[in-house]
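All heavy atoms count here, side chains included; hydrogens, waters and symmetry mates do not. We name chains A, B, ... by the order of the sequence lines, and we start the count at 1 in each one.
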Amino acid sequence: MTKKIALPLTEKDIENLKSGDSVLLSGVLYVARDAAHRRMVESLDKGETLPFDVKGQTIYYMGPSPAPPGKIIGSAGPTTSARMDAYTPRLLTAGLKGMIGKGVRSLEVKEALKKHQAVYLAAVGGAGALISRTIGKSEVVAYPDLGPEAVLKLEVKDFPATVINDIYGGDLYVEGKKRYNLA
Amino acid sequence: MRTVNAGIVTDAVAGLFKEANYTLGEGVLAALKRARREEESPAGRQALDAIIENASIAAEEKIPLCQDCGTAVVFLEIGQDVHIDGGYLYAAVNEGVRRAYEEGYLRKSMVERPFSDRKNTGDNTPAVIHTYIVPGDKLKITVLPKGGGAENMAKLGMLLPASGKKGVIDFVVDAVNEAWSNPCPPVIVGVGIGGTAEKAVAMAKHALTRKVGQPSPDKETAALEKEILHKVNRLGIGPMGYGGRITALAVHMETFPAHITALPVAVNLQCHSARHREVVL
């Protein structure tokens, strides 16, 4: 039932992912929130190179709590993805292939996912302590001046996520609600 | 007249915020476990399993349940026969917040000038403090670290009195429906009905400090809570919006008389990580 997937996502992985699939991801995830997204899009618009190559990569929308002594990271659950909607189509054009967050995306993002053959996954919001256990390494790779919103590179093992939007137009939020709606 | 030292208030606030962020209250955990038993959707059950396991990891490792350690909301019920000495009460509360978030490795999420610079205040202050003067000589402190995802789904409606009970039900159910997966369901739905615009909003927030699922002491209000919960759980949103039966754990409602022209209704959603703690000094 649960698919194990090595990051970065391959074309074949993406083709095989369907809304509602539950996956365990292992490999590299980049972490960025709105402030970092704004800067990345500004850089792209100016024709500058990004601090990390988004081509083929997966971005996790997250702002961790501080790491207590002896720990790699603090609580590390997803944040609301809608705040990144304005920047996402531009990053998809630049080759981004996966995003992990929580909550519904805009119509524009959903269309861009189909067009650029990329996927949107959700992690369980409010499960930051559980998710932190899957993170083996965390380092700041860009915009250190943004503090808790700096871009991080994580190495994860069996990071749990659920496919929300696939490349075929599938949308778990829409389908799930429809299936269980009694109103 | 009874004297309470400001330093004691600081210690209490600091302790409560740490505890609230690490350990889910027993009532909330029990409600989540009940939801797990009742949920039919496999994806919803899986989400609830993660939420329940997360609670035991956070408590055991003393790391925050959620990386969003919230706006520090504090309710103070001050007995009119209490005197605070040794400093300004609000400063003492803020010092407690500062200490909890620094010592407790909690995320500091408050920004100054939200309309422009949005510079982090660095210590999660200022707290949002609500003060009530009550009879007696005790000081009750309730802390509610409130996450952004759920708070951003709050709604206020100044309904026409003619919309009546049905108008209230529709407004609340629509608010939950529109919030969809964003507020991290299963949620607790805080509702304030009556008073003025700001009174309704304050009641909706305060309603979230009630023990989860405890009905209103007023019979008619309790029946309305039950009716709205039933309707909300027919929406199909389910845990984390993955589809399912349990969209809300409870509806908590507070009411107040209103002007002859008015029917204010406010909704404040609480994510499943319902972290509140209280102490009486």
A.B. asks: Who among G63(A), S19(A), G74(A), A35(A) has the most heavy-atom pairs with chain B under 4.5 Å?
C.D. replies: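 Ranked by contacts with chain B, first place is G63(A).
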A.B. asks: What are the two closest heavy atoms between S181(B) and G103(A), and how far apart are they?
C.D. replies: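 Shortest heavy-atom separation between S181(B) and G103(A) comes out as OG-CA, 3.2 Å.
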A.B. asks: Decide yes or no for S65(A) and I63(B): does some side-chain heavy atom of the first lie under 4.5 Å from some side-chain heavy atom of the second?
C.D. replies: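 A side-chain contact under 4.5 Å is absent here.
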A.B. asks: Looking at CG of L172(A) and OH of Y242(B), how far apart are the two atoms once the value is rounded to the nearest 0.5 Å?
C.D. replies: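 Taking CG in L172(A) and OH in Y242(B), the distance rounds to 7.5 Å.
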A.B. asks: More than 12 foreign heavy atoms under 6.0 Å from CD of E11(A): is that the case here?
C.D. replies: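 No, the 6.0 Å shell around CD holds no more than 12 heavy atoms from other groups.
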A.B. asks: In terms of heavy-atom proximity below 4.5 Å to chain A, should I237(B) be classed as side chain, backbone, both, or neither?
C.D. replies: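 Its backbone and side chain both get close to chain A.
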A.B. asks: Under a 4.5 Å cut-off applied to non-hydrogen side-chain atoms, are N177(B) and K177(A) in contact?
C.D. replies: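 Sidechains of K177(A) and N177(B): in contact.
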A.B. asks: Compare all side-chain heavy atoms of N181(A) with those of R234(B) and state whether any distance is below 4.5 angstrom.
C.D. replies: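 A side-chain contact is absent here, since even the closest heavy-atom pair is not under 4.5 Å.
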A.B. asks: Is there a side-chain contact between Q46(B) and S22(A) in this structure, where contact means two heavy atoms from C-beta onward sitting under 4.5 Å apart?
C.D. replies: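 Q46(B) reaches S22(A) side chain to side chain.
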A.B. asks: For P64(A), is it the side chain, the backbone, both, or neither that has a heavy atom closer than 4.5 Å to a heavy atom of chain B?
C.D. replies: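 Backbone only.
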A.B. asks: Report the option among R107(B), K62(B), E40(B) that has the most heavy-atom pairs separated by less than 4.5 Å from atoms of chain A.
C.D. replies: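 Highest number of heavy-atom pairs under 4.5 Å: R107(B).
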A.B. asks: Could you tell me which residues in residues 114-130 of chain A have at least one non-hydrogen atom under 4.5 Å from a non-hydrogen atom of chain B, sorted by residue number?
C.D. replies: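 So the qualifying residues are A122(A), A123(A), V124(A), G125(A), G126(A), A127(A), G128(A), A129(A), L130(A).
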A.B. asks: Taking side chain as everything from C-beta outward and backbone as N, CA, C, O, which of these in P78(A) sits under 4.5 Å from a heavy atom of chain B? Side chain, backbone, both or neither.
C.D. replies: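 Just its backbone gets close to chain B.
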A.B. asks: Do you know which of G147(B), G44(B), S56(B), G244(B) has the most heavy-atom pairs under 4.5 Å to chain A?
C.D. replies: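 Of G147(B), G44(B), S56(B), G244(B), G244(B) has the most heavy-atom pairs under 4.5 Å with chain A.
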A.B. asks: Tell me, out of A179(B), C66(B), S41(B), who's got the most heavy-atom pairs with chain A below 4.5 Å.
C.D. replies: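 The candidate making the most pairs under 4.5 Å is S41(B).
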A.B. asks: Select, from E61(B), K231(B), R118(B), H272(B), the one with the greatest count of heavy-atom pairs under 4.5 Å involving chain A.
C.D. replies: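 Among E61(B), K231(B), R118(B), H272(B), the one with the most close pairs to chain A is E61(B).
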A.B. asks: Using a 6.0 Å cut-off, check whether atom CD of E15(A) has over 12 heavy atoms from anything other than its own residue.
C.D. replies: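 Enclosed: over 12 neighbouring heavy atoms sit under 6.0 Å from CD of E15(A).
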A.B. asks: Considering only heavy atoms, which portion of S132(A) lies under 4.5 Å from any heavy atom of chain B: side chain, backbone, both, or neither?
C.D. replies: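 For S132(A), side-chain heavy atoms alone lie under 4.5 Å from chain B.
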A.B. asks: Check whether any side-chain heavy atom of S75(A) sits under 4.5 Å from a side-chain heavy atom of Y105(B), and report yes or no.
C.D. replies: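 No - every pair of side-chain heavy atoms lies 4.5 Å or more apart.
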A.B. asks: For K102(A) and N182(B), does a side-chain donor sit closer than 3.5 Å to a side-chain acceptor?
C.D. replies: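 No donor-acceptor contact under 3.5 Å links the two side chains.
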A.B. asks: Which bit of K178(A) comes within less than 4.5 Å of chain B, counting heavy atoms only: side chain, backbone, both or neither?
C.D. replies: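 The answer is neither part of K178(A).
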A.B. asks: Under the salt bridge (charged side-chain N to carboxylate O under 4.0 Å, His left out) rule, what do R133(A) and E60(B) come out as? Steps first, then yes or no, please.
C.D. replies: CA-CA 13 Å; R133(A) 285 195 165 175; E60(B) 184 189 311; 3.8 Å; yes
A.B. asks: Look at G243(B), S273(B), G236(B) and state which one has the largest set of heavy-atom pairs under 4.5 Å with chain A.
C.D. replies: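 Result: the option with the highest number of such pairs is G236(B).
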A.B. asks: Can you give me the closest heavy-atom contact between R245(B) and Y180(A), atom names plus distance?
C.D. replies: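 Heavy atoms of R245(B) and Y180(A) come nearest at NH1-O, 2.7 Å.
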A.B. asks: Using heavy-atom distances under 4.5 Å, tell me whether N152(B) contacts chain A through its side chain, its backbone, both, or neither.
C.D. replies: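 For N152(B), no heavy atom lies under 4.5 Å from chain A.
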A.B. asks: Heavy-atom count around K137(A) NZ within 6.0 Å, excluding the residue itself: above 12?
C.D. replies: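 For K137(A), atom NZ is not crowded (no more than 12 foreign heavy atoms under 6.0 Å).
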